[in-house]
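Comments concern the structure below.
Keep in mind the model is a prediction, meaning the values are calculated, not measured. Convention: sequence-line order gives letters A, B, ...; per-chain numbering from 1.
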Amino acid sequence: MKYLQKLLLLIITFILVQTTAMAGNLRIVASLPALGQIAQGVAGEFAEVKVLAHVGQDPHFVPPKPTLARHLAHADLLIAAGFGLEIGWLPPLVDASRNNNIRQASQGYLDGRNVLNKVLGKPQGKITRELGDIHPEGNPHWWMDPVNGVRLAEVIAERLSQLDPLHADIYRQRASNFAEKIKMRIPQWKTSIQRFSPLVSYHNSYLYLTQRFELHVIDFVEPKPGIEPSTSHLDALVSKMKQNNVQSVWLEPYHDGSMVRKLCELALASCRSMPDAVQGEGFDGYINMFDQLAAGGK
Amino acid sequence: MFLLTSLIACLILALVMPFLGRRVLERRIVFVDLALAQFAATGYAIGLASDTSGPLWAAGITVVAVLAFAALPYASKLPKEAVMGAMYAVAAAAGMVILTQLPHAEGHMTDLMFGSLLGASYFDLAVLAALGFLAIIMLRFSGNDTYIQRVMFYTALALAVVPAIHAVGIVLVFGMLLLPALAAWQGEKNGPVWLALLVGVSGAVVGVMMAEFLDLPPSSSVVLALFACGLPIFIWNLGKRE
């Protein structure tokens with residue numbers, strides 16, 4: 001009995017020590033894996049980063065689970081893409097978490113608006129449902145441009161410096177190192193990725209990337225975002241692809257399917273699964289994504 | 001050519017499904033097809049999760065399901081639709097839970113479960129036609145009285161419906177299965193086969209052409225065309241009854 005009591009005491013002490021140790025850490029929650037990797041890179045061992053969506057999931061539609069709300073409940077900082085990308089699933093989770101620190105416009109929230117100097121893909125003219133499921137505030141897939149990734153790291157570093165001034169210099173240094181790494185690699189990526197242009201993509205997820213690396217996007221498989229194509233659209237697309245000598249069709253991992261594979265066959269283009277996030281820790285994960293994209297995806 | 005394969009796929013379905021649909025209407029069971037398709041899909045998910053052959057698991061589970069359904073006697077007091085509906089829910093839930101263990105398989109799975117008409121290749125069509133033909137032959141030997149006859153019936157359904165759902169999607173398959181047979185329904189029993197087939201084929205042709213010229217998603221367009229073609233026939237049959 002005495003032995004068991006000692007063991008119990010040891011276990012309880014062990015757990016308490018863990019809790020106090022963790023209490024010093026910041027808790028960051030990122031909506032998407034790529035954003036989480038950048039946050040992990042800046043924060044390092046000073047924060048616990050949780051990500052809501054996982055690699056390969058469609059960022060427009062993440063199925064809500066209770067654990068996600070729980071992560072949000074304890075978060076000090078929420079990082080999201082914004083521009084309406086997560087509008088279908090994130091707000092209810094934030095409400096359910098009852099965490100007022102992470103609401104929009106508070107110190108515990110940041111998204112693309114805090115990061116971008118220039119928003120691409122803003123629709124012109126009158127916006128109605130006729131245009132399909134478009135993003136009225138602009139194209140939200142902004143992390144696909146490595147320069148925006150750097151900008152995000154800098155913004156995260158500034159925000160963490162406010163939340164945890166003790167390590168401010170370290171955060172800023174890490175963001176700066178990351179910026180150097182990216183700057184060095186952009187020319188290599190740009191040369192390598194040219195061979196896949198001109199291209200067709202399923203959904204307009206790669207706008208920021210194609211602008212940065214000066215790639216030519218001919219058309220999209222979905223005639224309007226969120227709408228299945230018709231036979232005439234697909235047959236016309238095949239001719240258009242042949243006419244423009246399209247090299248590759250870029251698929252988000254969640255849009256791969258028999259229809260697109262067939263399209264690639266008919267149009268003599270290569271079907272490439274181009275991820276918007278890959279497995280990996282910290283900055284390496286984010287950089288790895290561009291390495292994979294430059295190599296042609298899968 | 002997307003237009004050509006879509007048209008051929010719909011025509012194959014239009015010439016096979018009404019035969020099965022008429023029997024399904026006779027027996028007053030519709031859910032069994034959905035349940036069988038879901039069992040097959042869950043089997044596929046198990047295969048993916050355990051890194052073994054998906055199709056083998058799917059086929060195995062479907063066979064077990066067929067034998068189990070056939071064991072329910074025709075005139076049983078147990079409400080068959082309810083049993084099949086419940087089994088569908090259980091299989092769907094099991095599949096969902098298995099899926100959450102696989103980070104990358106979600107998109108793949110939707111493609112498996114609810115294929116797209118536009119994705120059908122010539123090989124898929126050949127398989128559909130062959131299995132459909134086999135299913136119709138098996139229907140000749142099916143019935144309600146003996147266990148073997150019931151097994152024949154559910155196997156015929158599984159052979160025709162499950163690959164069709166995988167190839168062209170659930171909505172279109174169900175439309176083709178039920179709308180032509182319903183349109184040809186006369187009074188208390190099925191109308192002539194040729195009438196159901198006529199509705200099916202005209203629905204297919206009108207639907208695909210409508211989708212092509214009006215730039216619409218083809219599966220939905222065909223289902224609506226089936227409804228439009230079937231409705232006048234249905235009303236005419238209602239009048240004929242007296």
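- Evaluation of the side chain to side chain donor-acceptor pair (under 3.5 Å) test over residues 64-74 of chain A, restricted to residues two or more places apart or in two chains, returns none.
- In this structure, A:Tyr206 has its ring center closer than 6.0 angstrom to the ring center of A:Trp250.
- Proximity to chain B involves both the backbone and the side chain of A:Leu234, based on heavy atoms less than 4.5 angstrom apart.
- Using a distance-only test at 3.5 Å, with no hydrogens or angles considered, a donor-acceptor pair links the side chain of A:Gln37 to the main chain of A:Val278.
- If you look at A:Trp189 and A:Phe290, their ring centroids are closer than 6.0 Å.
- Remark: the backbone N or O of B:Pro218 is not paired with any side-chain donor or acceptor of A:Thr231 at under 3.5 angstrom.
- The salt bridge (charged side-chain N to carboxylate O under 4.0 Å, His left out) search around A:Asp145 returns A:Arg212, not counting sequence neighbours.
- Contacts of A:Asp58 classified as salt bridge (charged side-chain N to carboxylate O under 4.0 Å, His left out), with partners at least two apart in sequence or in another chain: none.
- Residues of residues 200-215 of chain B lying under 4.5 angstrom from chain A, judged on non-hydrogen atoms, are B:Ala211, B:Glu212, B:Asp215 in numerical order.
- When heavy atoms are compared at a cutoff of 4.5 Å, B:Leu216 approaches chain A solely by way of its backbone atoms N, CA, C and O.
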